[in-house]
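Okay, structure first, notes after.
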Amino acid sequence: MTLIAQIKTATEAALKSLFPDTDFPGNIVTVNQTKPEFTGDYTVVLFSMVKILRKKPDEIGTLLGQQLLQDNSDLFASYDIVSGFLNLNIQDKFWASFLLNHFNDPHFGEKPKKDRRVMVEYSSPNTNKPLHFGHMRNIFLGYAVSEILKATGNQVIKANLINDRGIHICKSMIAWMDYAEGATPDSTGIKGDHLVGDYYVRFNEVYKQQIKEQVAAGKDEKQAEKEAPIMLAAQELLRKWEAGDTDTRNLWKQMNVWVYKGFNVTYKKMGIDFDKFYYESQTYLLGKSIIEEGLQKHVLFKKEDGSVWIDLTEDGLDQKLLLRGDGTSVYITQDLGTAKLKYDEYKLDQSIYVIGDEQNYHMQVLKLIMQKLKEPSAPGIHHLSYGMVELPSGKMKSREGTVVDADDMIAEMVSLARTQTEEAGKTDGFSQDELQALYEMIGLGALKFYLLRVDPKKKMIFNPKESIDLHGYTATFIQYAHARICSILRKEGYEKMPKNIRFQTFQLTEVLLPAEKKLAVMLEQYCSIVDDAARELNPGTICNYSFQLAQLFNSFYDQHSISHAENTEKKHLRLMLIIMTASILRHSMRLLGISLPEKM
RNA sequence: GGUCUCGUAGCUCAGUUGGAUAGAGCAACAGCCUUCUAAGCUGUGGGUCUCAGGUUCGAAUCCUGACGGGAUCACCA
């Protein structure tokens, strides 16, 4: 149980024994960390009790303070009442025993495994172009949320639904057929996803040009858009694909393989993995059976032309098409099918979709339809919506090539890490391989942290002209604090983290200094931070915490010597503090997919 | 127009069951390396929490309205 929870429970118990005849509502006790300008560690707010007890806050505080001290003498050292707030001082020996129990636990912050299955779908790229900066936010978010949910005991399935069919693929295909002259990744040395993406851009160039020509020849613009030869060719290709035309399918397979190879290189570089892949070419026909059932249950209805609809006007939305008159699927049809497929396969308690906020409406409709159809998967559907990453000039558009490419971005960050390390003259004692690994750790860490530290639901603006910082509120800062701790531990003879320890006999006799206590308090809070992050599905919570912890450590490091502590007791105490700090930094960053170096 | 969402320091952002004098980082300025890594530490300046009402002992936080930005409302995916 976390300390705040303990204090809450103790306070509730104290209230009960003080006022046995009073009925208290469940949320009567609020416990906060005491503001730095007051003495105390944790604070109970007294105002909420005034009305029920018909006593003055200070009077309640005195009674409560005395009772708490009397019942929990091992926990509370003293209390202090300041204008309606009961400030409690925690016994130093509580912190000492907390450290002894947990300082060497690499799993501190995790919860026991439970039988709750969660699927997190993320990345879910189209196969007509390479990944860009916006995708990275999605991917890092999905990965981090998965890891955070695992740490809180969930069984997590990381899923990637690859959108490998549709008109956009055909666009790349037709441009490749017309202009590539048989170019392949091998023949050109271009990464497969980039090669295919180049022809997607090429398609749009040609398309624009053809529209221009047709408009010049007197057609109106809408007509020109519809009748541009290259667009007609792409649509024809899609028809052939759906009819199963061998040549078309072969080219499609070929180009997709190029793209997958490229994606895998990028995923690997990012340190991202998946447990399950779905391919839209295999799922796009799903959902029709659900619709059939829906018709029988009269949840859905058919129009004269044979198209199938659902009426969501009672829910404040519109009528929504679920199946075309000719019986073919639309986007939401296959999503209904995939949702059911996921559930049937894994019996999911929760199914999280990491998808941009532009699809809020779509996801709302999806969940609503599943609810109305009484599908068992419906309650678990959850849209983890995140804001778009925009450039100062506006949205990124891959059609127009105004995107920040993922591979480029990673390379740039790694190179930035190298430059800054070299400038700082910190390359001594590393082999070339070690340096390369370090640069990747720093560059990629900075990138991930930059994208994860902001609340997912907020859109963010990224200025490519300003490089991502390696100072201040960054992963680098945390990595640096970790490297410093490791350096101390190396000098103290702990090459690897000490297994068990000479501190078993540790006895606290001296008063904790402010900087020591602050660190201990912060360390103790880690469990509830992980909990918060899991509940809110927000890795930013972890970023905040880890940065603050690293900051506290740096400040501590500046004030107090560890190796040359005043005496053995202090030395052991501080070693426990920094060992646990390093351990939690590592753990928390692992949840975000960020590694920490032992030297930098 | 309907629905959703955001608005906090010059910039980027924290601040979640309403709690004490609203916090970080960057940028600016001033200090700190003979002692465990200065990618660090300490300090200074910088705020009408968009605005106006309301609820409350107490509001950046909850409610209503206004203003401003964004998304969405396809037989596209």
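Since this is a predicted model, take the numbers as computed values, not measurements. Proteins come first, then strands; the chains are lettered A, B, ... in the order of their sequence lines, and each starts at number 1.
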What do you reckon, do A/Phe47 and the base of B/rG19 stack, with centroid distance below 5.5 Å and planes below 30°?
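One would call A/Phe47 stacked on the B/rG19 base.
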Electrostatic pair [X]:[Y] at N-O distance under 4.0 angstrom:
| X | Y | answer |
| --- | --- | --- |
| A/Glu434 | A/Lys599 | no |
| A/Arg586 | A/Glu598 | no |
| A/Glu566 | A/Lys571 | no |

Between the protein and nucleotides 39-46 of chain B, list the N/O to N/O atom pairs that are separated by less than 3.5 angstrom.
residue : atom : partner  : partner atom : Å
B/rA39  : OP1  : A/Lys426 : NZ           : 2.3
B/rA39  : OP1  : A/Tyr480 : OH           : 3.2
B/rA39  : O3'  : A/His471 : ND1          : 3.4
B/rA39  : N7   : A/Lys426 : NZ           : 3.3
B/rA39  : N6   : A/Thr421 : OG1          : 3.3
B/rG40  : OP1  : A/Gly472 : N            : 3.3
B/rG40  : OP2  : A/His471 : ND1          : 3.2
B/rG40  : O3'  : A/Asn554 : ND2          : 3.3
B/rG40  : O2'  : A/Arg484 : NH1          : 2.9
B/rC41  : O2'  : A/Asp558 : OD2          : 2.6
B/rU42  : OP1  : A/Ser555 : OG           : 3.1

Distance under 6.0 Å and angle within 45° of ring axis: A/Arg484 vs A/Phe553:
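Judged by the rule, A/Arg484 and A/Phe553 form no cation-pi pair.
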Stacked cation flag A/Lys303 on A/Trp309, 6.0 angstrom / 45 deg
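Ring-cation test returns yes.
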So, is [X] near the phosphate of [N], with a side-chain N or O under 4.0 Å from OP1 or OP2?
| X | N | answer |
| --- | --- | --- |
| A/Lys459 | B/rA71 | no |
| A/Lys320 | B/rC75 | no |
| A/Ser487 | B/rU37 | yes |
| A/Arg324 | B/rC76 | yes |

Candidate nucleotides [options], ranked by approach to the side chain of [X] - the nearest:
| X | options | answer |
| --- | --- | --- |
| A/Phe547 | B/rG25, B/rC75, B/rU37 | B/rG25 |
| A/Tyr361 | B/rU72, B/rC36, B/rA77 | B/rU72 |
| A/Glu390 | B/rG19, B/rG70, B/rA77 | B/rG70 |

Counting only Watson-Crick or G-U wobble pairs whose two distances fall under 3.5 Å, which nucleotide matches B/rG65?
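By the stated definition (distances under 3.5 Å), B/rC51 pairs with B/rG65.
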Could you let me know what B/rC4 is paired to, Watson-Crick or G-U wobble, both distances under 3.5 Å, or none if it's on its own?
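Its partner is B/rG70.
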Look for any protein N or O under 3.5 Å of an N or O in nucleotides 5-12 of chain B and output each such pair with its distance, or none.
residue : atom : partner  : partner atom : Å
B/rG7   : OP1  : A/Lys458 : NZ           : 3.3

P spacing across the pair B/rU50 / B/rA14, given as an integer number of angstrom:
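My reading of the P atoms in B/rU50 and B/rA14 gives 14 Å.
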Output the rounded distance in Å from CD1 (A/Ile162) to C1' (B/rA77).
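For the pair A/Ile162 CD1 and B/rA77 C1', the rounded distance is 16 Å.
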When syn is taken as a glycosidic angle within 90 degrees of 0, is B/rC73 syn or anti?
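Judged by the O4'-C1' to base torsion, B/rC73 sits in anti, the angle falling more than 90° away from 0.
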